[in-house]
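So that the names make sense, note that chain A is the first sequence line, chain B the second, and so on, each numbered from 1. Just so it is clear, the model here is predicted, and its values are computed rather than measured.
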Amino acid sequence: MLKTFIIGFKDLKLAFRDRAALILMLAAPFLVTVGMGLVTGRFSGTDQSGALNIPVVVVNLDNDAIGNALVEVFNSSELADLLEPTASSDAEAARRQVDEDQIVAAIIIPAGFTQSVIPTNGVASSPIQIEFYANPSRPTSAGIIKTILDGFLARIDEMQIGGLTSITQLIASGKISPQEANQAGAEMGKRFEAGGTTYAETAAIKINSSTTATETNDFDPLAFFAPSMALMFLMYTVSYGGRSILAEETQGTLPRLLATPTTSVQILGGKIFGIFLTGLAQMLILIGASSLFFQLKWGDALGVVLLVCAAVFGATGWGLLITALARTPAQVGSVGTAVMLIFAVLGGSFFQLSNMPPIMQAFSKITPNAWALDGFSTLALGGKLAAIAPPITALLTMGLILFLISAALFGKKNLAQK
Amino acid sequence: MANILEVQNLVKNYGAFQAVKGVSFNIQEGEIFSLLGPNGAGKTTTISMLSTLYQPTSGDAQIAGHSIVKEPMQVKRAIGVVPQELALYEDLSAKENLVFWGQMYGLSGKALSARVDEVLEQIGLTDKARDKVKTYSGGMKRRVNIGVGLLHKPRLLFMDEPTVGIDPQSRRAILDTVKDLNQHGMTVLYTTHYMEEAEELSNRVGIIDHGELIAIGTQKELTKQVGENETLLLHIGEQEEPAALATALKGLPNVLDINVVNAEISVVTSSAKDILASVVGAANARGIKIHSIDIREPNLEAVFLHLTGRALRD
């Protein structure tokens, strides 16, 4: 056991003396995270408390109850730190501002939107949709705005369905005739407004505001990008570690190790431990650096440490499998780089998984990136240890299965004796 | 002296190819035994089996009383290995390398620290101990490579062609180190294809070729096989026809044997000086240009030539 630790720490030392490896393990993810932060405007605000001030233009061509309510939502004090809304009446100008990257999104409420939802005087218009025109280069900020908008529209849907259900029940109970349905609907709408309940004050909108208020405090684009990039480059680190197993064979140190009174299990265990240690050190340094330099809140400390350990374990499994399948260190390097990029895309390091097709979302489950990112997002949004049990379990299971497969493949290769 | 190594009919096959063909020999405690043979003769394969890296196809060997097949761990504790190629971590310093390898041999604490300092002194790298190995010259790296094999004071040290590809000064230092180690009681199995090294270092020599141990004994015993005869080595041009000259030389007085390999004709004679003029005359008569002539006293090279019909370097 002691020799296993000694070999592992030797590999950790060697990894941190390799300048090229250090650039890819630490400098690259850190710089890419900084770059992502700059792109998303993370560093542009003067307020360091986490305020985003996402610029958004609301074009209210409806000028009726629901359109006005939506404008109120976007101008509410709860969202003041999160959004920087501007009112406009020119939809084309708003779209142009998005195209020119001056704002993150434009919300265009078309004329007659309220009437399409609540028929007045018995006259229902055909369905009209709100236009959400977003800047694709700012996916996170745009996602936040869309979440707020979706919450509002979900409440409108609920009200509409509720109204229709009520009218249907009134007809079924014989209290009104089918011919009186439109009239009754209009009355309900008027009473709803007359009752002083504004759309902005409905329970659902409040819930949404409260969610966004949490996001204002805790949701930081870097809380997504920092773990994304760290996990992407973690895959580099594990393939680098895997490469060292084959490199030891070609540079003669593996045969020499095997000529010492050290078992092949101790040696392979030490190499695996070295990969794990290096990945762990990389992740903890990146987390520490992002906390220190960006005031990034990763969430529950114990949860973060356990999730990092599980993520590194899962990734190490992949590194070993790549090594077990490869014949030369160069093959591990090239395959490892390809896997790093594929897993980054599949695992949601570049694009949010929710925006991907279902099949891609299903495939993402084979990547440590997706599970770990899920866990880190949960922790960043205030989740506790229990909330990250599923990703931790998935990562540990993934690592274990890959270890077993790799061990069988290494056994076939018979590194120990020829 | 007791045998520290007893090799019994060791065989190593790679498919249909037989790399080592039933080698048997013993090494006594305290001696330097050289395995002499050209590249590809089976020296490294033999050492790799003895150091438990390769599983023998058949046969066995006892090292310090332990079977290499059945008790590899006990064997590993008794031996030190200096591989032909450098086997070091170049991003670690000499000291860090020695500490790491010492730990792999089970050393720790003060004993490890003291032993590392001793070995650094022994290989003459105390002053450079903290420099990374990658900054060293080839000779210095070789010395660290040897130092690693000495850390746990092995009873039997395997040195597999430790002087390949280094400058004469470093080579000299390594040969002196081997002699010094032996004087301090270490038994050494040394493989080489340099006849001079085997002659200088060894108490006994085993000559190996094509996986077979074709002769074994002290240098005196081996050279006796070719008697007191000398060998005249003629190097002729690549375009010349050696067979015609060889046939002519066979008829000269005092010529005992002739071998032709490519553009080299070796003439075994009881007196090289006496036939030299006749040899040159025979070549001139046939218009064959001789590039150089070497006269070899009876030595291991002559033994190898005598046994195989080829020069050691072929």
Side-chain angles (χ1 to χ4, degrees), chain A residues 1-25 240-241 243-271 273-275 277-278 329 411-418, chain B residues 12-14 19 44-45 47-57 66 68-69 71-93 96-97 99-109 112 132-134 141 145 148-149 151-152 154 157-158 160:
Chain A
M1 196 66 177
L2 181 63
K3 286 184 181 177
T4 300
F5 284 127
I6 292 167
I7 293 169
F9 280 106
K10 179 264 298 172
D11 278 359
L12 176 69
K13 192 186 279 187
L14 286 173
F16 277 78
R17 285 189 182 176
D18 184 338
R19 279 186 200 167
L22 278 182
I23 287 171
L24 283 166
M25 285 194 308
Y240 171 87
R243 199 167 54 206
S244 83
I245 295 177
L246 298 186
E248 290 232 32
E249 195 178 16
T250 53
Q251 74 195 18
T253 43
L254 183 64
R256 186 164 217 169
L257 272 170
L258 289 164
T260 68
T262 310
T263 64
S264 52
V265 173
Q266 283 175 314
I267 294 168
L268 192 60
K271 296 300 296 178
F273 183 57
I275 300 172
L277 269 185
T278 310
K412 277 189 178 176
K413 270 192 173 179
N414 196 4
L415 286 176
Q417 234 180 12
K418 293 179 179 169
Chain B
K12 182 66 182 177
N13 295 341
Y14 293 105
T44 299
T45 307
I47 267 200
S48 296
M49 285 191 283
L50 295 177
S51 54
T52 76
L53 285 177
Y54 293 2
Q55 179 85 32
T57 305
H66 300 289
I68 59 166
V69 178
E71 303 163 287
M73 275 297 156
Q74 285 89 332
V75 168
K76 287 174 183 183
R77 287 191 187 96
I79 62 169
V81 179
V82 179
Q84 184 173 344
E85 301 295 333
L86 293 170
L88 301 167
Y89 298 105
E90 298 232 333
D91 275 323
L92 298 183
S93 68
E96 287 170 328
N97 263 288
V99 167
F100 172 76
W101 289 107
Q103 288 170 323
M104 291 299 104
Y105 279 105
L107 301 176
S108 62
L112 172 65
K132 284 184 187 171
V133 168
K134 68 181 176 189
K141 287 178 184 175
N145 206 35
V148 169
L151 278 164
H152 61 302
L157 181 66
F158 294 141
D160 190 10

Checklist entry - Would A/Lys13 and B/Glu96 count as a side-chain contact (heavy atoms from CB on, under 4.5 Å) if you check the C-alpha gap in whole Å, the side-chain angles of each, and the deciding distance to 0.1 Å? => result CA-CA 11 Å; A/Lys13 192 186 279 187; B/Glu96 287 170 328; 3.5 Å; yes
Checklist entry - Tell me, do B/Asp91 and A/Phe16 make a side-chain contact under 4.5 Å, heavy atoms counted? => result no
Item to check | Per-residue contact mode, B/Asn97 against chain A (heavy atom under 4.5 angstrom) | outcome: neither
Checklist entry - What heavy-atom pair brings B/Leu88 and A/Gln251 nearest, and what distance separates the two atoms? => result O-NE2, 4.5 Å
Checklist entry - When rounded to the nearest 0.5 angstrom, what is the spacing between OH in B/Tyr89 and OG1 in A/Thr253? => result 4.0 Å
Checklist entry - Does A/Thr262 reach the side chain of B/Tyr105, with side-chain heavy atoms less than 4.5 Å apart? => result no
Checklist entry - Under 3.5 Å, is there a donor-acceptor pair between the side chain of A/Arg256 and the main chain of B/Val81? => result yes
Checklist entry - Under a 4.5 Å heavy-atom cutoff, which of B/Lys132, B/Gln84, B/Met104, B/His152 has the most pairs with chain A? => result B/Met104
Item to check | Under 4.5 Å from a heavy atom of chain A, the part of B/Val75 involved | outcome: neither
Checklist outcome for this item: Max heavy-atom pairs within cutoff under 4.5 Å with chain B, candidates A/Ile7, A/Leu257, A/Thr263, A/Asp18, goes to A/Leu257
Checklist entry - Heavy-atom distance under 4.5 Å to chain B: side chain of A/Ile267, backbone, both or neither? => result neither
Checklist entry - How close do B/Ala87 and A/Gly252 get, heavy atom to heavy atom, and via which atoms? => result CB-O, 3.3 Å
Next on the checklist: Within the structure provided, determine whether A/Leu2 and B/Gln103 are in side-chain contact (heavy-atom separation under 4.5 Å).
Outcome noted: no
Item to check | Donor-acceptor under 3.5 Å (B/Lys76 side chain, A/Leu258 main chain) | outcome: yes
